[in-house]
Amino acid sequence: MGRDTIADIITSIRNADMNKKGTVRIASTNITENIVKILLREGFIENVRKHRENNKYFLVSTLRHKRTRTSKGTYKTILKRISRPGLRIYSNHQRIPKILGGIGIAILSTSRGIMTDREARQQGIGGELWLYIW
């Protein structure tokens with residue numbers, strides 16, 4: 001049984017966000033690099049750098065902690081896994097859901113690479129829904 005790299009990313013970011021850690025270290029693969037680039041572009045992560053340790057590469061990401069005006073604490077970035085190894089979920093470009101009316105994003109794997117729901121709708125292609133973020 002192989003490792004689920006997408007679930008590892010989600011768990012690492014969720015745990016660091018809950019414990020108010022500033023940085024997250026994620027094993028570097030092509031999939032993780034593409035997902036982290038999307039999170040950086042969409043503003044969920046502030047900074048990313050590649051780090052080498054014992055001939056293994058890691059992505060060190062700086063999380064963005066947002067504060068609400070009414071409460072003292074921070075609100076959490078919510079990441080929800082949709083497609084998983086035991087149950088794959090696919091969608092065409094017309095049925096890709098809008099997360100919170102367009103506030104959140106969906107990351108999906110298409111024939112043209114890993115992209116957000118907005119990009120997939122613009123290009124008119126569907127794919128496997130990997131995760132929702134809001």
Side-chain angles (χ1 to χ4, degrees):
M1 182 169 254
R3 290 180 50 115
D4 188 5
T5 57
I6 301 167
D8 291 343
I9 295 170
I10 292 172
T11 303
S12 299
I13 293 174
R14 187 181 299 140
N15 288 342
D17 195 33
M18 284 176 24
N19 292 328
K20 297 176 184 167
K21 301 266 185 187
T23 59
V24 177
R25 195 175 89 161
I26 302 168
S28 178
T29 64
N30 288 336
I31 292 173
T32 58
E33 286 181 15
N34 288 330
I35 290 174
V36 168
K37 284 179 188 175
I38 290 174
L39 294 176
L40 180 65
R41 190 173 61 226
E42 295 292 327
F44 292 101
I45 292 176
E46 286 184 13
N47 190 9
V48 176
R49 64 183 165 86
K50 203 167 190 177
H51 179 69
R52 184 177 176 182
E53 186 176 305
N54 296 334
N55 294 330
K56 292 183 183 179
Y57 287 96
F58 295 98
L59 296 173
V60 179
S61 305
T62 306
L63 297 180
R64 177 168 295 191
H65 293 289
K66 302 175 185 175
R67 296 196 176 272
T68 59
R69 292 183 183 186
T70 58
S71 67
K72 297 178 194 174
T74 60
Y75 65 89
K76 297 176 180 68
T77 301
I78 298 178
L79 297 106
K80 183 177 180 184
R81 179 72 192 264
I82 303 304
S83 185
R84 51 192 171 89
L87 178 64
R88 303 290 185 183
I89 307 294
Y90 296 95
S91 177
N92 62 10
H93 74 280
Q94 297 168 341
R95 294 184 184 238
I96 297 173
K98 289 187 178 180
I99 311 305
L100 291 180
I103 295 173
I105 62 169
I107 296 180
L108 40 104
S109 173
T110 65
S111 59
R112 296 185 191 156
I114 299 170
M115 61 181 66
T116 64
D117 55 342
R118 289 182 215 113
E119 295 168 347
R121 274 192 222 97
Q122 287 176 353
Q123 294 182 14
I125 55 175
E128 181 183 354
L129 290 170
W130 276 355
L131 55 114
Y132 296 158
I133 305 168
W134 68 91

Of R14, K21, K20, the one forming a side chain to side chain contact (heavy atoms under 4.5 Å, CB included) with M18 is R14

D8/R3 under salt bridge (Lys or Arg N to Asp or Glu O under 4.0 Å): CA gap, chis, key distance, verdict: CA-CA 8 Å; D8 291 343; R3 290 180 50 115; 2.7 Å; yes

Side chains of I105 and I38: closer than 4.5 Å at any heavy-atom pair? yes

Are K80 and Y132 in a cation-pi setup, meaning NZ or CZ lies under 6.0 angstrom from the ring centre and within 45 degrees of the ring axis? no

What is the minimum heavy-atom distance between E33 and S28, and which atoms define it? OE2-OG, 2.7 Å

Using a 3.5 Å distance criterion without hydrogens, assess whether the side chain of T32 forms a donor-acceptor pair with backbone atoms of T29. yes

Do you reckon I96 sits in the same ILVMFWY cluster as L100, going by side-chain contacts under 4.5 Å, direct or chained? yes

Would E53 and R25 count as a side-chain contact (heavy atoms from CB on, under 4.5 Å) if you check the C-alpha gap in whole Å, the side-chain angles of each, and the deciding distance to 0.1 Å? CA-CA 11 Å; E53 186 176 305; R25 195 175 89 161; 3.2 Å; yes

Looking at R41 and E119, is there a salt bridge between them, counting it only when a charged N and a carboxylate O are closer than 4.0 Å? yes

Contact between L108 and I114 at the side-chain level, heavy atoms closer than 4.5 Å - yes or no? no

Show, in sequence, the C-alpha distance, side-chain angles and deciding distance for H93 and Q122, and conclude whether the side-chain contact (heavy atoms from CB on, under 4.5 Å) test is met. CA-CA 9 Å; H93 74 280; Q122 287 176 353; over 6 Å; no

Distance in Å, R81 CZ paired with I89 CD1, rounded so as to fall on 0.5 Å steps: 10.5 Å

Heavy-atom side-chain proximity of V60 to R49 below 4.5 angstrom: yes

Minimum side-chain heavy-atom gap L129-P97 below 4.5 Å: yes

So, do V36 and S61 sit near enough that their side-chain heavy atoms are less than 4.5 Å apart? yes

Are K37 and L40 close enough that some pair of their side-chain heavy atoms sits under 4.5 Å apart? no

Count I, L, V, M, F, W, Y as connected when their side-chain heavy atoms are under 4.5 Å apart, and connections chain through other members. Are F44 and I31 then in the same cluster? yes

Spacing of CD1 belonging to I78 relative to CG belonging to L131, to within rounding of 0.5 Å: 13.0 Å

Cluster link I107 to I6, ILVMFWY, side chain under 4.5 Å: yes

With clusters defined by side-chain heavy atoms of hydrophobic residues (ILVMFWY) lying less than 4.5 Å apart, directly or transitively, does I82 cluster with I35? no

Could you check S83 against E128 for side chain to side chain donor-acceptor pair (under 3.5 Å), going step by step and ending with a plain yes or no? CA-CA 7 Å; S83 185; E128 181 183 354; 2.6 Å; yes

Answer yes or no: does atom CG of N19 have more than 12 heavy-atom neighbours from other residues, nucleotides or ligands under 6.0 Å? yes

Rounded to the nearest 0.5 Å, what separates atom CZ in F58 from atom NE2 in H51? 8.0 Å

Donor-acceptor pair, R118 side chain versus G102 backbone, under 3.5 Å? yes

Could you check whether any side-chain heavy atom of K50 comes within less than 4.5 Å of a side-chain heavy atom of L59, counting everything from C-beta outward? yes

May I ask you to check whether T116 and E42 show a side-chain donor-acceptor distance below 3.5 Å? no

Distance-only, no hydrogens or angles: does the D17 side chain make a donor-acceptor pair with backbone N or O of I13 under 3.5 Å? no

Salt-bridged, D117 to K98, with N to O below 4.0 Å? no

Any non-hydrogen side-chain atom of I133 less than 4.5 Å from a side-chain atom of I99? no

By the definition side chain to side chain contact (heavy atoms under 4.5 Å, CB included), identify the one residue from T23, V24, T77 that meets it with L63. V24

